[in-house]
Amino acid sequence: MRRRRAGGRTMVERASKFLLVVVGSACFMLILYQYAGPGLSLGAPGGRAPPDDLDLFPTPDPHYEKKYYFPVRELERSLHFDMKGDDVIVFLHIQKTGGTTFGRHLVQNVRLEVPCDCRPGQKKCTCYRPNRRETWLFSRFSTGWSCGLHADWTELTNCVPGVLDRRDPAALRTPRKFYYITLLRDPVSRYLSEWRHVQRGATWKTSLHMCDGRTPTPEELPPCYEGTDWSGCTLQEFMDCPYNLANNRQVRMLADLSLVGCYNLSFIPEGKRAQLLLDSAKKNLRGMAFFGLTEFQRKTQYLFERTFNLKFIRPFMQYNSTRAGGVEVGEDTIRRIEELNDLDMQLYDYARDLFQQRYQYKRQLERRQQRLRSREERLLHRAKEAPPRGDAEEPGRVPTEDYMSHIIEKW
């Protein structure tokens, strides 16, 4: 008898434990879905975005203080990118700004009528227009380094049209429209990231640096190291080289180098050269169809989607890191890096303000449009539910004498 009771208790305990495991697993899956669902597209068949995807993006800071004045036309960026026409997105990839990740987003994560064909083991994807076998994207992962490794603004603007004409000669009938895009990054973090990359053996020595129809001479662009690479260099050695292209790289890659004699430093005085480069980089950045900031991934996604009317399947992820890019350096070293990248510091300050103003403007405009649509829908719904005019009193109308007389007679 005691054995039966003990056996019964054991069965009940096992059943209770099993039920507890099932309930716990269900709760865990529910929590996982709530937090990871949007990124994994679990809640939307076919990877469709949620109805109100504004919730995916940060709310603009209402207390943000603007540093620069930009007219509305600089904030709107109302483009009509025609993928079925002859429009082409050109991605200017600056080293160590997160361009590799963003480039993969362009070929693997955009919701397209005809997705890019990315095959395992191949470095490049085929990104054709929906209506013909022509590319709509000029980037590392679609056309390769067709204008040279990490080609800058000066190189791309002179090279891209000819490269595409040779690739797609049928398109010569209609002039193409090019939409240039790029990413910028905090100059100190970018500089330290480049140093670590070079320390591991990267050189980018196959870059052409083409300008005014020629590459720079060894005297114009001397190397910072002897041998095949600069692997193992210390941060001090990296900062001490006066010819290091890491210094102010973002300004140089966005400016029109023809204005300053390309890489000939004796063409104009140093101070004037620096100002011309900075002004040119700002002008070209403003004129680009889009630029993003590495430190603001979700805002970058939002502005790209609204600029080109294209949607990403999975949301961008923000990987937080220290300002020094994971490298522990002292304040004196950081100040030295800022001095070496003074032009980049000024450009980034300018770009960040323009970026934040564009984001704030777009979000406010979209919220306003959303409220207007909701108001129109409510009015339409009320109009459909309202009784016919002959049977209902008009809203806000004062009763007439006949109507009052009718009521008095009935009384």
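If you're wondering where the values come from, they're calculated on a predicted model, not measured in any experiment.
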Is there a side-chain contact (heavy atoms from CB on, under 4.5 Å) between Thr97 and Gln250? Walk through the geometry before answering. CA-CA 9 Å; Thr97 58; Gln250 297 181 97; 4.0 Å; yes
Please answer whether the main-chain N or O of Tyr191 pairs with a side-chain N or O of Arg196 as donor and acceptor at a distance below 3.5 Å. no
Using modelled atom types and a 3.5 Å cut-off, is there a donor and acceptor pairing between side-chain atoms of Asn248 and backbone atoms of Val251? no
Evaluate the side-chain proximity of Arg368 to Arg371: yes if any heavy-atom separation is below 4.5 Å, no if none is. yes
Please answer whether the main-chain N or O of Leu293 pairs with a side-chain N or O of Thr300 as donor and acceptor at a distance below 3.5 Å. yes
Closest non-hydrogen atoms of Ala289 and Leu79, given as atom of the first, atom of the second and distance, are CB-CD1, 3.5 Å
Between Tyr69 and Gln357, is a side chain to side chain donor-acceptor pair (under 3.5 Å) present by the stated rule, with each step listed? CA-CA 10 Å; Tyr69 167 74; Gln357 287 194 44; over 6 Å; no
Okay, side chain of Asp152, backbone of His209: is any donor-acceptor separation there less than 3.5 Å? no
Report the C-alpha separation of Tyr180 and Asn284 in whole Å, then their side-chain angles, then the decisive distance to 0.1 Å, and conclude whether the side chain to side chain donor-acceptor pair (under 3.5 Å) test is met. CA-CA 9 Å; Tyr180 284 83; Asn284 292 335; over 6 Å; no
Tell me the closest heavy-atom pair linking Lys362 and Leu303, and the distance in Å. CG-CD2, 4.0 Å
Arg252 side chain reached by Leu245 side chain, heavy atoms, under 4.5 Å: yes
Tell me whether the centres of the aromatic rings in His197 and Trp204 are closer together than 6.0 Å. yes
For Lys66 and Gln360, does a side-chain donor sit closer than 3.5 Å to a side-chain acceptor? no
Give me the atom names and distance for the closest heavy-atom approach of Pro130 to Met83. CD-CG, 3.8 Å
Is Leu347 close to Lys282 at the side-chain level, that is, under 4.5 Å between some pair of heavy atoms? yes
Angle class for the Tyr179/Phe308 ring planes (parallel below 30°, perpendicular above 60°, tilted otherwise)? perpendicular
Can you confirm whether Phe57 sits close enough to Arg363 that some side-chain heavy atom of one is under 4.5 Å from a side-chain heavy atom of the other? yes
His381 and Glu385: side-chain donor and acceptor closer than 3.5 Å? yes
Evaluate the pair Cys116, Cys125 and indicate whether the two SG atoms are within a distance below 2.5 Å. no
Measure centre to centre between the rings of Tyr359 and Phe355, then say whether the value is under 6.0 Å. no
Could you check Thr135 against Arg129 for side chain to side chain donor-acceptor pair (under 3.5 Å), going step by step and ending with a plain yes or no? CA-CA 6 Å; Thr135 186; Arg129 304 183 190 277; over 6 Å; no
Tyr348 and Asp353: side-chain donor and acceptor closer than 3.5 Å? no
Assess, by modelled atom type and distance only, whether the side chains of Tyr361 and Glu74 contain a donor and an acceptor separated by less than 3.5 Å. no
Identified side-chain hydrogen bond (donor to acceptor under 3.5 Å, both in side chains) partner of Gln346 from the options Asp349, Asp344, Asp342: Asp342
When every non-hydrogen atom of Arg77 is compared with those of Gly287, the smallest separation belongs to NH2-O, 3.6 Å
Working for side chain to side chain donor-acceptor pair (under 3.5 Å), residues Tyr302 and Glu366: CA-CA 11 Å; Tyr302 175 88; Glu366 196 158 346; 2.6 Å; yes
Quick test of your reading of the model: are Asp168 and Arg133 salt-bridged, counting only N-O distances below 4.0 Å? no
Any chance CG of Asp61 has more than 12 other-residue heavy atoms, nucleotides or ligands included, within less than 6.0 Å? yes
So with a 6.0 Å cut-off around CD of Glu270, is the heavy-atom count from everything else above 12? no
Pair Arg335 + Asp332: basic N to acidic O under 4.0 Å: yes
Using only heavy-atom distances, determine whether the side chains of Arg119 and Thr126 contain a donor-acceptor pair under 3.5 Å. no
Crowded around Tyr243 OH? As in, over 12 foreign heavy atoms under 6.0 Å? no
Donor + acceptor pair across side chains of Gln370, Arg367 (<3.5 Å): yes
Taking CZ in Arg273 as the centre, count heavy atoms belonging to other residues, nucleotides or ligands within less than 6.0 Å. Is the count above 12? yes
Within a radius of less than 6.0 Å around NZ of Lys272, do more than 12 heavy atoms belonging to other residues, nucleotides or ligands occur? no
Going by distance alone, is a donor N or O of one side chain under 3.5 Å from an acceptor N or O of the other, for Glu305 and Gln301? yes
With a 4.0 Å cut-off, would you call Glu76 and Arg358 a salt bridge? no
Does a side-chain heavy-atom distance below 4.5 Å link Glu376 with Leu379? no
Aromatic centroids of Tyr128 and Trp136 separated by under 6.0 Å: no
Check the pair Cys241 / Tyr225 against side-chain contact (heavy atoms from CB on, under 4.5 Å), numbers first and verdict last. CA-CA 9 Å; Cys241 178; Tyr225 57 89; over 6 Å; no
Applying side-chain contact (heavy atoms from CB on, under 4.5 Å), run through Leu183 and Ile94 and close with a yes or a no. CA-CA 7 Å; Leu183 289 183; Ile94 302 174; over 6 Å; no
One pair to check against salt bridge (Lys or Arg N to Asp or Glu O under 4.0 Å): Glu134 and Arg167. What are the steps and the verdict? CA-CA 8 Å; Glu134 288 178 8; Arg167 285 174 56 97; over 6 Å; no
If we ignore hydrogens and angles and just use 3.5 Å, is the side chain of Trp195 paired with the main-chain N or O of Ala246 as donor and acceptor? no
Fit a plane to each ring of His93 and Phe91, take the angle between them on a 0 to 90° scale, and name the class: parallel (under 30°), tilted (30 to 60°) or perpendicular (over 60°). parallel
How close do Leu208 and Thr215 get, heavy atom to heavy atom, and via which atoms? O-CG2, 3.3 Å
Under 3.5 Å, is there a donor-acceptor pair between the side chain of Asn109 and the main chain of Phe312? no
Below 4.5 Å, heavy atoms only, C-beta onward: do Met239 and Leu340 meet side chain to side chain? yes
Under a 4.5 Å cut-off applied to non-hydrogen side-chain atoms, are Leu343 and Asn247 in contact? no
What verdict does the side-chain contact (heavy atoms from CB on, under 4.5 Å) test give for Leu156 and Phe138, after you've listed the backbone C-alpha separation in whole Å, the side-chain angles of each residue and the deciding distance to 0.1 Å? CA-CA 10 Å; Leu156 287 176; Phe138 191 100; 4.1 Å; yes
Provide the closest heavy-atom pair for Ser280 versus Asp256 in the form atom of the first, atom of the second, distance. OG-N, 2.9 Å
Does one side chain, of Asp212 or Ser258, offer a donor that lies under 3.5 Å from an acceptor on the other? yes
Any chance you could measure Ser193, atom OG, to Asp186, atom CG, to the nearest 0.5 Å? 11.0 Å
Pair Tyr350 and Phe70, ring centroids less than 6.0 Å apart: yes
Salt bridge (Lys or Arg N to Asp or Glu O under 4.0 Å) with Glu194: of Arg185, Arg249, Lys96, only one passes, and it is Arg249
Report yes if some heavy atom in the side chain of Val90 is under 4.5 Å from a heavy atom in the side chain of Ile181; otherwise report no. no
